[in-house]
Amino acid sequence: MKILVIGSGGREHALVWRLRQSPEVEKIWCAPGNGGTTAVDEISAEDDAACASVNVGDVDSLVALAERLKPDLTVVGPEGPLVAGIRDKFECRKLRLVGPSRRDARLEGSKIFAKEFMSRYRIPTPTLYGTFESAGEAIRALDAVDWPVVVKADGLCAGKGVLVAETREEAAAFIRCLLEKHALGQGGSRILLETALKGEELSFIVLTDGRSCLPMAPTRDHKRVFDGDLGPNTGGMGAYTVDGMIPPEIASIIMDKIVRPTIAGLSEEGLPYKGFLYFGLMLTADGPQVLEYNCRLGDPETQPLMMRMNFDLAVALDAVASRKLAGFKTAWKPGASACVVMTSAGYPGPFETGEKIEGLSEANALPDVTVFQAGTRREGDSIVTSGGRVLGVTAMGGDLEQAVCNAYAAVDKIHFAGAHYRKDIGAKGIARSRAAGELPRG
Ligand code: GLY
């Protein structure tokens, strides 16, 4: 198989890394890719240049690239091209693609569409107070809510569209920012207010062909920029997956009450969903509830998932594209994997780029470690920073503590000016395992 992976983050590097290990895969392109995704021996300089210059915001240019490269399969990482209808355009031209249709991608592209969908299929989700286009009306509605309250932009806002507001002042300021100052553009031109839930968040991702459904190992993300879950939200500062992360009875409830009704509802209303579907869940005392859908794999959740994956991803994706996933079996390497994201100084605010990264080979030489690149580019023989999230330093271990320890040992080998990372990735999970007697106290 020849496979085209679309995107340029750590998620896409991890996908390319896993797919490259499949005996079924002859060639992989990643467009636009990053400093870590290109295997220079695999593709020609012309194809490399065509991939690197593509704009993921321009679906027509992605169609033109696929018509030139003629991949057997295209896999889309980020939500932008999916929400813009890349699957529909590819299928019109008989190009096989793993990813949802434009309509189904609205589950991520419009939080209000997702809320209405969940209401139609009785999928558990926080109570909706209302949807608003006028700041005045939204602020008046705050008189009738319980605190804290969640204010959420309807459209895509690169992770900046949600606030859990503790006070009326905080909520009103965010509402004005979105609906009067248009700080997040079109994505924030409609909002919704919903109840805030207490519990633990979980990223539950499945791969589906619209009929059968393969759950990936559950993962946990760390969204805030600083240790102790402080500071602004980011795309994700680290993630992990570990055997036994959720009890089997919770996994069954998630599948029966959330995943299957979602996939059945989508098939009933439109085209069969083909691709990864991400359920951002809150595990509450009353059971799991859906905070958000994403129409793709998570980043950085994909990095630890790809490390533990013990089945042929290329074969699974091919089966999804042909809608022949029934009977496919997943398998996960025992133990745990963890990813620590290293960022440029200042992220998620403004940051400098072009800093030389040292120590990548030393880190990658450590046992059970792979450094996935994200905001990087090649400059001669060097790799330099080119984005906010720069690297996803990822490691396996026999348990979560070992995986995290291996990942931080690799982080210690890597240096670039202003590098920032959280020091507490997986800390809550390790504390929970210690409390449950699964790890020695120490
Ligand atoms: N890590 C969260 C996301 O991919 O949206």
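Just follow the structure's listing: the first ligand is 1, and inside any ligand the first atom is 1.
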J.: Do the numbers put Lys111 on top of the ring of Phe113, so that NZ or CZ is under 6.0 Å from the six-membered ring centre and no more than 45° off the axis?
T.: no

J.: I'd like a table of the close N/O pairs between ligand 1 and the protein (anything under 3.5 Å), one pair per line with both atom names and the distance.
T.:
{"residue": "ligand 1", "atom": "1 (N)", "partner": "Asp221", "partner atom": "OD2", "Å": "2.8"}
{"residue": "ligand 1", "atom": "1 (N)", "partner": "Gly235", "partner atom": "O", "Å": "3.3"}
{"residue": "ligand 1", "atom": "1 (N)", "partner": "Asp299", "partner atom": "O", "Å": "3.0"}
{"residue": "ligand 1", "atom": "1 (N)", "partner": "Glu301", "partner atom": "OE1", "Å": "2.8"}
{"residue": "ligand 1", "atom": "1 (N)", "partner": "Glu301", "partner atom": "OE2", "Å": "3.3"}
{"residue": "ligand 1", "atom": "4 (O)", "partner": "Arg296", "partner atom": "NH1", "Å": "2.9"}
{"residue": "ligand 1", "atom": "4 (O)", "partner": "Asp299", "partner atom": "N", "Å": "3.0"}
{"residue": "ligand 1", "atom": "5 (O)", "partner": "Asn294", "partner atom": "ND2", "Å": "3.4"}
{"residue": "ligand 1", "atom": "5 (O)", "partner": "Arg296", "partner atom": "NH1", "Å": "3.4"}
{"residue": "ligand 1", "atom": "5 (O)", "partner": "Arg296", "partner atom": "NH2", "Å": "2.8"}

J.: If a pair satisfies side chain to side chain donor-acceptor pair (under 3.5 Å) and one of its residues is in residues 202-215, list it, with sequence neighbours excluded.
T.: Ser203-Tyr278, Ser203-Glu301

J.: May I ask you to check whether Ser110 and Asp154 show a side-chain donor-acceptor distance below 3.5 Å?
T.: yes

J.: Enumerate the residue pairs fulfilling side chain to side chain donor-acceptor pair (under 3.5 Å) with a member in residues 157-167, sequence neighbours excluded, ordered by first and then second residue.
T.: none

J.: Kindly state each residue pair satisfying side chain to side chain donor-acceptor pair (under 3.5 Å) with at least one member in residues 172-183, sequence neighbours excluded.
T.: none

J.: Taking it one step at a time, do Glu200 and Arg432 satisfy salt bridge (Lys or Arg N to Asp or Glu O under 4.0 Å)?
T.: CA-CA 12 Å; Glu200 270 202 284; Arg432 228 185 340 267; 2.7 Å; yes

